[in-house]
Amino acid sequence: MKAGCSMVEKPEGGGGYQFPDWAYKTESSPGSRQIQLWHFILELLQKEEFRHVIAWQQGEYGEFVIKDPDEVARLWGRRKCKPQMNYDKLSRALRYYYNKRILHKTKGKRFTYKFNFNKLVMPNYPFINIRSSGKITPLVGN
DNA sequence: GCCGGAACGA
DNA sequence: TCGTTCCGGC
C-alpha cells in the first residue's frame, strides 16, 4: 500500500523531526503547510544518513553539493507526491531562488549551490545557528 | 549541465 | 506565491 502521499508530510524517520511550524508555514498562507524546497534541502543536509546524497561543501560557508541528483529528486517527489519529479525540474525550482536571493549557483562546480544565509536565516530566522563548518543546529525551545 | 521564459495548478 | 512541466538555447 502506498501510504505517505495522503495528507500530512512530516519526516517519519522515527523522532528525526527537525523543523518547527515556522519552517512549514507561509505568511500569506494561513493553515497551509506546503513545505518549501529549500526547507527540504536543509532538512536533508542536517541528516548524516543523507550525506552520500547531499552534503555541505567543506570550507565554503553555506555551500552544498548534490552527490546523487536522482535520489534527491526522488525524495523531493515523494514528499510532494510528484512521482515524475527529476533533477531537471527540481533544479528549475532551485533557479527561481536566484532572484529571491535564497540560493545562488556555484558556477563551474557540478551540482553545487550555495545558501544565502546572510539574507535568509539572519534577518528572518534567528533561531538557527550555523557553524563555520556549514553545519546547522536548530535552536528550538530555548 | 545549466539557464530562464512560458503556461499552468494549488 | 511557489513550484511543476515543458522546452529552446547555450
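It should be emphasised that the depicted structure is a prediction, and the values quoted were computed from it without experimental measurement. By convention in this document, chain letters (A, B, ...) are assigned in the order of the sequence lines, proteins followed by strands, and residues within each chain are numbered from 1.
Ranking B:dC2, C:dT5, C:dG3 by closeness to the A:Y113 side chain, first place goes to B:dC2. Considering only the side chain of A:K80, C:dG3 comes nearest among C:dT5, B:dG1, C:dG3.
Using a cut-off of 4.0 Å between Lys/Arg side-chain N and Asp/Glu carboxylate O, A:E43 and A:R79 are scored as salt-bridged.
In this entry the distance linking CZ of A:R110 with C1' of B:dC2 reads 12 Å, nearest Å. Per the geometry, NZ belonging to A:K105 stands 20 Å off P belonging to C:dC10, to the nearest Å. Distance CG (A:L37) to C1' (C:dT1): 14 Å, rounded to an integer number of Å. Atom CG of A:L103 and atom C1' of C:dC2 are 14 Å apart (whole Å).
Contact annotation: A:Q84 does not reach the phosphate of C:dT4 (side-chain N/O to OP1 or OP2, under 4.0 Å). Within the structure, every side-chain polar atom (N or O) of A:W76 is placed at least 4.0 Å from both OP1 and OP2 of C:dG3.
Cation-pi geometry between A:R92 and A:Y96 is met: under 6.0 angstrom from the ring centre, within 45 degrees of the axis.
Contacts of A:T106 classified as side chain to side chain donor-acceptor pair (under 3.5 Å), with partners at least two apart in sequence or in another chain: A:E63. A:R51 pairs by the side chain to side chain donor-acceptor pair (under 3.5 Å) definition with nothing, not counting sequence neighbours.
The backbone N or O of A:K89 lies less than 3.5 Å from no partner atom in the side chain of A:S91, so there is not a single donor-acceptor pair. Side-chain N or O atoms of A:K105 include one that pairs as donor or acceptor with a backbone N or O of A:K109 at under 3.5 Å.
Counting non-hydrogen atoms under 4.0 angstrom, A:K107 reaches nothing in the nucleic acid.
If A:F111 and A:N99 are placed on DNA chain B by their nearest nucleotide, the residue sitting closer to the 5' end is A:F111.
Looking at residues 87-98 of chain A, you'll see A:D88, A:K89, A:R92, A:A93, A:Y96, A:Y97 sit with a heavy atom under 4.0 Å from some atom of DNA chain C.
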